[in-house]
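Here the structure is laid out as structure tokens; the discussion comes afterwards.
Each chain gets a letter, A, B and so on, in the order its sequence line appears, and its residues count up from 1.
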Amino acid sequence: MPELPEVETVRQTLKLRILNQTIEEVGVRASRLIQPLSAQEFATILVGQILRDIDRRGKYLIFKLSQNDLVVHLRMEGRFFIKPKSADIDKHEHVIFYFTNNTTLRFHDVRKFGTFEIMPKGQGTHAKGIRKLGPEPGDPSLTADYLKAKLQSSLRPVKSLLLDQTIIAGLGNIYVDEVLYEARIHPTRPGKTLQESDFDNLCKISQRIITEAVRLGGTTIRSYVSSLGVTGRFQNQLKVHTLVGEPCQTCQTPIVKIRVGGRGTYLCPTCQK
DNA sequence: CGCAGTACCTGTAAGC
DNA sequence: TGCTTACAGGTACTGC
């Protein structure tokens, strides 16, 4: 489920519910999510710690504990649920934090792609995946000049470049399609074919779309089970993603679906050149 | 170094 | 109805 707006929504929702809770026990039912630590090592470090805050960088959540930073990535399908301790454990709930107030935080992930990494206190932003992230939409350092420097010599499709988290952090498959539609840029165009005005547009449009998506609680598609904080409303704002065959809102041309860099990609073949 | 392809894992929907 | 295949909101690794 998670691109920046969905992860931000999860962060905000969790903060309202579990801040200042003390971890009494940790259950790990799929150790691949926490490797290279063992379940025992992972639990031993975390038990007794208090959740003081939750930060976010790109698509990563950083749980600020009393003695450590716990860095979590939801990958494709990771979700958090808060349930009473007595609730049955779902087969896809792979990591469970038991708090002293009889509630639990449960990480649910059908595909087991999610990751948990324990870092020294205050060092969450130095975790492996995080330290290489580029600026997020809206970050003052994400300027037209910055994008130009990163994209103008590349032969890669602009969609792949915008999905590259080391260039821009936070965009994923849905929002990149939406940004390129608004910018009227064809996703397969090599970075080096973009013009001055394209770089400027991509900065402004990515900021606008991400801000609006955060405001609406993110996008919920294909998720019939509503999960904590991620039953968003931005799906109603989508212009191309998932809308194959629907008329383009600008020119009525049917939206088409192609594959770019292995990812399903939606666009208007008339508006996007 | 840059890049394309593959791997990771499971469930669902579409195609035969 | 079954079986097979393609695909899913992401990233890391391999090998050219």
Side-chain angles (χ1 to χ4, degrees), chain A residues 1-10 29-36 56-61 71-80 90-95 107-117 127-134 137 149-180 187-188 190-192 209-210 213-214 216-238 240-245 257-266:
Chain A
M1 33 143 289
E3 301 179 39
L4 189 160
E6 292 74 42
V7 178
E8 175 60 18
T9 302
V10 170
R29 309 170 78 250
S31 58
R32 80 178 319 276
L33 305 200
I34 58 155
Q35 64 190 13
R56 180 192 56 72
R57 175 75 177 95
K59 303 174 190 173
Y60 291 82
L61 289 169
V71 177
V72 179
H73 198 299
L74 280 44
R75 294 292 179 101
M76 295 289 264
E77 301 190 2
R79 295 187 281 215
F80 279 110
D90 183 277
K91 68 187 281 201
H92 299 302
E93 290 172 353
H94 303 307
V95 181
F107 185 72
H108 178 290
D109 186 356
V110 169
R111 296 172 74 178
K112 303 195 187 90
F113 284 172
T115 60
F116 289 72
E117 183 175 3
K128 188 149 53 111
I130 293 191
R131 62 181 172 233
K132 290 184 283 192
L133 295 179
K150 290 287 185 183
L151 307 191
Q152 73 172 351
S153 64
S154 178
L155 292 170
R156 295 167 72 194
V158 60
K159 169 155 183 176
S160 301
L161 292 165
L162 297 182
L163 282 173
D164 184 337
Q165 302 296 297
T166 70
I167 298 176
I168 300 180
L171 296 181
N173 206 35
I174 296 174
Y175 297 108
V176 165
D177 281 359
E178 296 300 311
V179 167
L180 288 172
T188 60
K192 68 185 307 175
I209 288 179
I210 291 300
V214 168
L216 293 177
T219 300
T220 306
I221 56 175
R222 260 188 313 278
S223 277
Y224 30 91
V225 181
S226 88
S227 72
L228 180 67
V230 285
T231 310
R233 284 159 287 141
F234 193 80
Q235 59 274 19
N236 306 125
Q237 310 299 126
L238 295 176
V240 286
H241 196 85
T242 72
L243 298 174
V244 61
K257 182 181 182 184
I258 63 174
R259 208 146 257 285
V260 179
R263 313 296 302 276
T265 299
Y266 301 81

- [ ] Scan A:Gly261 against the nucleic acid and name what it touches under 4.0 Å (heavy atoms): base, sugar-phosphate only, or nothing.
- [x] nothing
TODO: Indicate whether OP1 or OP2 belonging to C:dG10 is found under 4.0 Å from a side-chain N or O atom of A:Gln165.
DONE: no
Open item on the list: Using whole Å, what does the distance between atom P of nucleotide C:dT11 and atom NZ of A:Lys112 come to?
Closed with: 20 Å
TODO: To the nearest Å, give me how far apart CE (A:Met76) and P (C:dA12) are.
DONE: 14 Å
Task: A:Leu163 CG - B:dG2 C1' separation (whole Å) - done: 17 Å
- [ ] Could you work out the separation of C:dA12 and B:dG11 based on their C1' atoms and round it to a whole Å?
- [x] 23 Å
Task: Heavy-atom protein contacts under 4.0 Å, nucleotides 3-8 of chain B, coded B base, S sugar-phosphate only, - none - done: S----B
Task: ring pair (Phe, Tyr, Trp, His ring centres under 6.0 Å) partners of A:Phe107, counting only residues at least two apart - done: A:Phe80, A:Phe116
Open item on the list: Can you check the distance between C:dA8 and B:dC3, where both ends of the measurement are the C1' atom (answer in whole Å)?
Closed with: 24 Å
Task: Heavy-atom closest pair, residues A:Val71 and A:Ala127 - done: CG2-CB, 4.0 Å
Task: Protein-nucleotide distance (A:Arg259, atom CZ; C:dC7, atom C1'), rounded to Å - done: 7 Å
Task: Nucleotide C:dG10, atom C1' - distance to CD of A:Glu6 in whole Å - done: 13 Å
Task: Residue list, side chain to side chain donor-acceptor pair (under 3.5 Å) with A:His241, at least two apart or on another chain - done: A:Asp177
TODO: Check salt bridge (charged side-chain N to carboxylate O under 4.0 Å, His left out) between A:Arg156 and all other residues, then give those that pass, not counting sequence neighbours.
DONE: A:Asp164
- [ ] Output yes when at least one side-chain N/O atom of A:His73 is less than 4.0 Å from OP1 or OP2 of C:dT11, else no.
- [x] yes
- [ ] Measure the distance from NZ on A:Lys132 to P on B:dC1 and round it to the nearest whole Å.
- [x] 11 Å
Open item on the list: Under the rule for salt bridge (charged side-chain N to carboxylate O under 4.0 Å, His left out), what residues qualify as partners of A:Glu8, not counting sequence neighbours?
Closed with: A:Arg11, A:Arg56
TODO: Considering non-hydrogen atoms only, spot the tightest contact between A:Ile130 and A:Arg57 and give its length.
DONE: CG2-CG, 3.7 Å
Task: Distance test, side-chain N/O of A:His92 to OP1/OP2 of B:dG11, below 4.0 Å - done: yes
Task: All side chain to side chain donor-acceptor pair (under 3.5 Å) counterparts of A:Thr265, not counting sequence neighbours - done: A:Lys159
TODO: Sticking with atom C1', work out how far C:dT11 lies from B:dT12, rounded to a whole angstrom.
DONE: 23 Å
Task: B:dG11 phosphate, OP1 or OP2, under 4.0 Å from A:Lys91 side-chain N/O - done: yes
Task: Among C:dC13, B:dG11, C:dG10, the one nearest A:Lys128 by side-chain distance - done: C:dC13
Task: Spacing between A:Asp164 atom CG and B:dC1 atom P, to the nearest angstrom - done: 14 Å
Task: P spacing across the pair C:dC3 / B:dC9, given as an integer number of angstrom - done: 24 Å
- [ ] Name all residues meeting the side chain to side chain donor-acceptor pair (under 3.5 Å) criterion together with A:Thr188; count only those two or more places apart in sequence or in a different chain, and write none if there are none.
- [x] A:His186
- [ ] Could you please name the option among C:dG10, B:dT10, C:dC13 that lies closest to any side-chain atom of A:Arg263?
- [x] C:dG10
Open item on the list: Give me the stems containing DNA chain B, sorted by first residue, counting only three or more consecutive Watson-Crick or G-U pairs with both distances under 3.5 Å; say none if there aren't any.
Closed with: B:2-8 with C:10-16, B:10-16 with C:2-8
Task: Whole angstrom value for the distance that separates P of C:dA12 from CG of A:Leu133 - done: 9 Å
Task: Which residues share a salt bridge (charged side-chain N to carboxylate O under 4.0 Å, His left out) with A:Lys59, sequence neighbours left out - done: none
- [ ] Considering non-hydrogen atoms only, spot the tightest contact between A:Ser154 and A:Leu161 and give its length.
- [x] OG-CD2, 3.6 Å
